Protein chains: 2
Amino acid sequence: MESDIATPVKGRPREFCVDKALAEALHVFWAKGYDGASMADLTEAMGITKPSLYAAFGNKEALFHKALDLYETEKLEYTRAALDQPTARKVAEYYLHGALMTHAGTTDPKGCMGLLSSLACSPEAESIKADVLGRRASSQRALVERFERAKAEGDLPAHVDAQGLTSLLYALLQGISVQAGAGATMDELERLVDTGLALWPSA
Amino acid sequence: MESDIATPVKGRPREFCVDKALAEALHVFWAKGYDGASMADLTEAMGITKPSLYAAFGNKEALFHKALDLYETEKLEYTRAALDQPTARKVAEYYLHGALMTHAGTTDPKGCMGLLSSLACSPEAESIKADVLGRRASSQRALVERFERAKAEGDLPAHVDAQGLTSLLYALLQGISVQAGAGATMDELERLVDTGLALWPSA
DNA sequence: TCGATTATATACCGTTCGTTATGGAAAGCG
DNA sequence: CGCTTTCCATAACGAACGGTATATAATCGA
């Protein structure tokens with residue numbers, strides 16, 4: 001997928017790096033959510049003025065979608081890599097520890113950008129919510145299929161509900177994000193994960 | 001706890017019911033969150049004008065705190081009643097089924113009002129977030145103590161981490177609220193709850 | 001060097017936000 | 001009836017919102 005940001009050959013060259021600016025915008029959206037991030041917040045963090053932002057990214061909504069792309073490819077890569085783990089239990093471990101690092105670490109904002117922006121939905125930002133929910137649904141479908149395969153391969157008991165287990169694992173991820181954003185310590189969240197993994201169904 | 005809304009003996013009587021208006025305000029805050037609920041939304045739903053609202057409730061922030069009181073006493077009563085259940089497993093069942101009814105039912109807005117308003121935190125609404133987080137922390141403390149008691153009474157295995165189990169149960173509640181707000185069906189959420197209870201530690 | 005083209009900077013647009021001042025209507029008390 | 005008190009309705013406040021018009025600066029091909 002190519003970037004749709006034109007780089008002309010004529011005229012005055014832009015004085016900022018589009019990728020750097022987008023990374024800064026991602027941090028603002030991550031910390032404040034779509035509605036909570038104002039254009040003033042964004043331009044200040046990106047180090048550019050509003051006309052430059054609009055010329056380079058279109059508008060606030062288009063900027064968010066591009067930032068969400070970056071978030072998914074860079075920060076949620078663990079959710080895709082988890083599916084390659086050999087057993088359902090290791091899939092869950094990969095998911096949960098990935099969530100700890102990504103959503104409760106110290107370098108990036110606490111919590112999940114998608115969760116934040118899908119809940120705080122101003123009526124005019126319906127396409128934002130739809131984008132986030134669509135990506136989440138496709139991730140969840142892939143996990144259901146992975147757990148179905150695990151049942152077929154015998155590393156999940158036959159009686160477990162793959163759909164229910166997927167919803168439960170996602171609930172844990174969402175709870176981790178919520179509690180991380182609410183100020184829970186890393187120790188508390190690790191104990192949450194350890195308790196969850198101790199209950200994980202064994203074949 | 002007495003209502004701090006004065007009811008004078010002289011002067012023109014107010015033409016609306018304070019309790020009815022507060023219940024309507026609660027629904028707006030519940031559906032949209034603190035920042036997402038505008039004064040226009042609130043006055044329209046409450047059927048009163050802005051000066052009446054300010055005279056009766058103070059301002060938007062005070063109105064939210066009063067609505068949160070109502071929410072806690074009427075809608076979150078199940079989290080207190082759950083602690084009276086005889087075993088830790090029944091406590092968890094009460095919590096989870098209560099969350100299904102309250103946060104995924106058809107009569108009230110989907111999701112959890114506190115979760116919504118604690119995540120979407122405009123910088124000037126810090127007292128809102130603090131209020132919600134304080135109530136949640138006190139609820140969680142009570143649950144930890146209940147699970148400690150369950151371990152002493154033998155209906156929870158001695159090796160389980162009461163703090164971790166509490167965080168896990170709250171994560172499930174939060175995940176239920178998130179997924180309910182995202183459009184999950186009641187069937188999906190019931191399977192989430194059933195899967196979680198199937199994994200519940202037995203003595 | 002000269003237009004053509006594009007980026008930046010400043011200032012402004014209309015709208016909505018939470019909040020309040022102003023003026024009149026309705027009740028209790030003398 | 002007056003007088004006071006309280007309520008309701010209209011309109012306005014300053015600030016912040018997302019988004020732009022305008023003018024100037026910088027770089028291209030010719």
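Excluded from the calculations below are hydrogen atoms, water molecules and symmetry mates; all remaining heavy atoms, backbone and side chain alike, are included. The sequence lines fix the lettering, A, B, ..., with proteins before strands; numbering per chain opens at 1. Computed from a prediction, not measured in an experiment: that's the story for all the values here.
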*Asks:* Can any side-chain N or O of A/Arg146 pair as donor or acceptor with the backbone N or O of A/Gln85 at less than 3.5 Å?
*Replies:* yes
*Asks:* Grab the CG-C1' distance between A/Leu63 and D/dG18 for me, whole Å please.
*Replies:* 13 Å
*Asks:* Between P on C/dT16 and NZ on B/Lys32, what's the gap in Å once rounded to a whole number?
*Replies:*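 So the NZ-P distance, B/Lys32 to C/dT16, works out to 13 Å.
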*Asks:* Write down the distance between CZ (B/Phe57) and C1' (D/dC7), rounded to a whole number of angstrom.
*Replies:* 14 Å
*Asks:* With a 4.0 Å cutoff (strictly under), does any side-chain N or O of B/Arg12 reach OP1 or OP2 of C/dA25?
*Replies:* no
*Asks:* How are the rings of A/Tyr95 and A/Tyr78 set to each other: parallel, tilted or perpendicular (split at 30° and 60°)?
*Replies:* perpendicular
*Asks:* For DNA chain D, find the residues of residues 37-49 of chain A with a heavy-atom distance under 4.0 Å and give them by number; none if there aren't any.
*Replies:* A/Ala37, A/Ser38, A/Met39
*Asks:* Take A/Asp35 and B/Ser52, find for each the nucleotide of DNA chain D with the closest heavy atom, and name the residue whose nucleotide sits nearer the 5' end.
*Replies:* B/Ser52
*Asks:* Name the residue closer to the 5' end of DNA chain C, choosing between A/Pro13 and B/Pro13 according to the nucleotide with the nearest heavy atom.
*Replies:* A/Pro13
*Asks:* Which nucleotide in the set C/dT19, D/dT20, D/dC8 lies at the smallest distance from any side-chain heavy atom of B/Glu15?
*Replies:*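 Given the options C/dT19, D/dT20, D/dC8, the side chain of B/Glu15 is closest to D/dC8.
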*Asks:* Which parts of residues 122-130 of chain A get close to DNA chain C, meaning a heavy atom less than 4.0 angstrom away?
*Replies:*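 Heavy-atom contacts with DNA chain C come from no residue of residues 122-130 of chain A; none.
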*Asks:* Does the pair A/Lys60 and A/Asp35 meet the rule for a salt bridge (Lys or Arg N to Asp or Glu O under 4.0 Å), with working shown?
*Replies:* CA-CA 10 Å; A/Lys60 184 184 180 183; A/Asp35 288 326; 5.3 Å; no
*Asks:* Whole Å only: how far is the CG atom of B/Leu53 from the P atom of D/dC7?
*Replies:*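 So the two atoms are 13 Å apart, to the nearest Å.
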*Asks:* Name the orientation class of the two ring planes belonging to A/Tyr71 and A/Trp30 (parallel below 30°, tilted from 30 to 60°, perpendicular beyond 60°).
*Replies:* perpendicular
*Asks:* Counting only side-chain nitrogens and oxygens, does B/Lys60 get under 4.0 Å of the OP1 or OP2 atom of C/dG18?
*Replies:* yes
*Asks:* In whole Å, I'd like the distance from the NZ atom of A/Lys50 to the C1' atom of D/dT22.
*Replies:*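 These atoms are roughly 15 Å apart.
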*Asks:* Decide if atom CD of B/Glu77 counts as having more than 12 heavy atoms of other residues, nucleotides or ligands within a radius under 6.0 Å.
*Replies:*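 Yes - once you tally the heavy atoms of other residues, nucleotides and ligands closer than 6.0 Å, there are more than 12.
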*Asks:* Taking side chain to side chain contact (heavy atoms under 4.5 Å, CB included) as the criterion, tell me which of A/Leu100, A/Thr185, A/Leu96 meets it with A/Glu190.
*Replies:*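 Among A/Leu100, A/Thr185, A/Leu96, the one that satisfies the side chain to side chain contact (heavy atoms under 4.5 Å, CB included) with A/Glu190 is A/Leu100.
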*Asks:* Check the angle between the aromatic planes of A/Tyr34 and A/Phe64 and answer parallel, tilted or perpendicular using the 30° and 60° thresholds.
*Replies:*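 The rings of A/Tyr34 and A/Phe64 stand perpendicular, inter-plane angle above 60°.
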*Asks:* Minimum heavy-atom separation for B/Leu22 to B/Met46, with atom names?
*Replies:* N-CE, 4.5 Å
*Asks:* Applying a 4.0 Å non-hydrogen cut-off, can you work out what B/Pro51 is touching in the nucleic acid: base, sugar-phosphate, or nothing?
*Replies:*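 Base contact.
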*Asks:* Between B/Arg14 (CZ) and C/dA27 (C1'), how many Å, whole number?
*Replies:* 14 Å
*Asks:* Sequence neighbours left out, what passes salt bridge (Lys or Arg N to Asp or Glu O under 4.0 Å) with A/Arg89? Give chain and number order.
*Replies:*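 Counting only residues at least two positions away or on another chain, A/Arg89 forms a salt bridge (Lys or Arg N to Asp or Glu O under 4.0 Å) with A/Glu93.
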*Asks:* Between C1' on C/dT6 and CZ on A/Phe16, what's the gap in Å once rounded to a whole number?
*Replies:* 12 Å
